[in-house]
Amino acid sequence: MFCVLLLAAATASFQGERQIRRDRLRQPRRFRPRSALEELSDTDVRELFRLNRQAILALYTCIAHDLEPLTGRSQAIPGIVKLLAVLNFLATGNFQPSVARVIGISRSTFSRLLKPVLRAIVQHSPKFVCFPSTPEQWQEVKSGFYNLGGMPNCIGAIDCTHILLTPPHATEEQFRNRKHTHSLNVQVVCDSHQRIMSIHSGFPGSCHDSYILRQSALFDRFQLGLMPEGWLVGDAGYGSKPWLLIPVSNPRTPAEVKFNTAHIKTRGVIERTFGVLKSTFRCLSKSGGCLQYSPETVSQIIQACAVLNNVALDHGVNLETNEELPPEIPGYPAVSQDSSDEGKRVRSHLITSFFQCKFLDM
């Protein structure tokens, strides 16, 4: 009987010690404080996310259904925190640990939520990145360009810009650009106020600007007569089209010089748009480092930044250009086959009917 009692006491003592060890090892779960928009000053909001409070809330209202957690757990990450985490990443170009510290979520959590948030923003991009839908809106675009540079009937400025990335090993050479770095070559059309009306972001850096245009839905819309009367302005990386004006390579007359001057002033807005994009969203700039994601994810990052650019303009955010940005990677010049005879005739008629008359009136 004594042995039985002794064995029971020893067993109880062992179980008690094991429970004590478990209690010592078990730590209460710690949750990082999460940044809520209302807890930040207006200055902090602008510094961390590049948008003002109104712009962020307007965007969140649009995509909230895609971001709100489906669980009722008290510690589920709110949709607004997911959005703020991604906005901070896009704005600063910092890698994930830096973003995690600012927002108050772990690195692994940010890695999981990046793609869903990008997908939500891009899914709603047609609401923000689009061409005008009425004749009155198109007329406003034309008036804006005419006031900017004196070019009549202009409906957009077009160019491409390179966004650096780490390429897939198997297709590395496809992404090598003229500067021997790796990138996506992104086609953008903007209006005179730096609002992005069209973006095509899926082509590797080795592709020529003119090739990207030919493969785009924008090219088909012009060719099928689905765009309003008028023309885009582009640089020598494109060929002359009835709807695409490029500079005269060797101007010989005062009217041709006048045309080129107006063309430069008008087309300059697309270069400023690239400067604003890369200054505002440092993830797109070389200063933010190469994007360490797949080309598909980098494409979504670029499209999301285009949406944010337009949301910022809609809500009066003052977007500035960092003068210390690296220069743009030059595009390949167009070849003669990229131009059409009709395109050359349209440009020649514009020069003689508008810029020559304008020159004579002076």
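Heads up: numbering here begins at 1 and tracks the sequence.
The distance from atom OG1 of T161 to atom CG of L184, rounded to the nearest 0.5 Å, is 11.0 Å. In this structure, the separation between CD on E140 and CG on D191 is 10.0 Å, given to the nearest 0.5 Å. One finds the CG atom of L213 at 11.0 Å from the CG atom of D159 (value rounded to the nearest 0.5 Å). Residue I301 holds its CD1 atom at 9.5 Å from NZ of K115, rounded to the nearest 0.5 Å. For the atom pair CD (Q303) and NE2 (H200), the distance works out to 9.5 Å, reported to the nearest 0.5 Å.
R214 pairs by the salt bridge (Lys or Arg N to Asp or Glu O under 4.0 Å) definition with D338, not counting sequence neighbours. Remark: E271 pairs with R267 by the salt bridge (Lys or Arg N to Asp or Glu O under 4.0 Å) rule, at least two apart or across chains.
With hydrogens and angles disregarded, no donor-acceptor distance shorter than 3.5 Å links the side chain of T109 to the backbone of I105. Looking only at distances, no side-chain donor or acceptor of D44 sits under 3.5 Å from a matching main-chain atom of L40. Distance alone, capped at 3.5 Å, places no donor-acceptor pair between the S348 side chain and the K344 backbone. A donor-acceptor pair is defined here as one N or O able to donate and one able to accept, closer than 3.5 Å; such a pair exists between the side chain of N309 and the backbone of Q194. Judged by distance alone, with hydrogens and angles left aside, the side-chain atoms of T280 form no donor-acceptor pair with the main-chain N or O of L277 at under 3.5 Å. With S299 contributing its side chain and P295 its backbone, the two residues share no donor-acceptor pair below 3.5 Å. Side-chain atoms of N310 come within 3.5 Å of backbone atoms of I196 as a donor-acceptor pair (strictly under, hydrogens ignored). Looking at R195, its side chain never comes within 3.5 Å of a backbone N or O of L313 through a donor-acceptor pair.
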Fill in: Worked check of side chain to side chain contact (heavy atoms under 4.5 Å, CB included) between I158 and L244
CA-CA 9 Å; I158 185 171; L244 176 54; 3.9 Å; yes
Worksheet item: Do L48 and L84 pass the side chain to side chain contact (heavy atoms under 4.5 Å, CB included) test, and can you show the C-alpha distance, the side-chain angles, and the key distance before you say yes or no?
Response: CA-CA 9 Å; L48 290 173; L84 293 178; over 6 Å; no
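Ring-plane geometry between Y332 and H208 is classed as parallel, the angle between the planes falling under 30 degrees on a 0 to 90 degree scale with a further cut at 60.
Side-chain polar atoms of D209 and N185 form a donor-acceptor pair below 3.5 angstrom. Looking only at atom types and distance, the side chain of S111 has no donor-acceptor partner in the side chain of S108 under 3.5 Å away.
Pairs of residues two or more places apart, or lying in two chains, that qualify as ring pair (Phe, Tyr, Trp, His ring centres under 6.0 Å) and include a residue from residues 255-276 are F259-H263, F259-F355. Among pairs with a residue in residues 233-250, those fulfilling side chain to side chain donor-acceptor pair (under 3.5 Å) read Q223-W243, at least two apart in sequence or across chains. The ring pair (Phe, Tyr, Trp, His ring centres under 6.0 Å) pairs that include a residue from residues 156-196 number zero, where partners must be two or more places apart or lie in different chains.
In this structure, K278 pairs ionically with E328, as a charged nitrogen and a carboxylate oxygen lie closer than 4.0 Å. For the pair R176 and E172, the salt-bridge criterion is met [side-chain N within less than 4.0 Å of a carboxylate O].
Seen from the ring of F281, R50 does not count as a face-on cation partner, given the 6.0 Å and 45° thresholds.
Using a 4.5 Å cut-off on side-chain heavy atoms (C-beta onward), S294 and L165 make no contact.
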What side-chain donor-acceptor pairs closer than 3.5 Å can you find for residues 124-138, not counting sequence neighbours?
from	atom 1	to	atom 2	distance (Å)
H124	ND1	K127	NZ	2.9
H124	NE2	D66	OD2	3.0
S125	OG	V122	O	2.8
S133	OG	Q137	OE1	3.2
T134	OG1	Q137	N	3.1
Q137	OE1	S133	N	2.7
Q137	OE1	T134	N	3.3
W138	NE1	P132	O	3.3

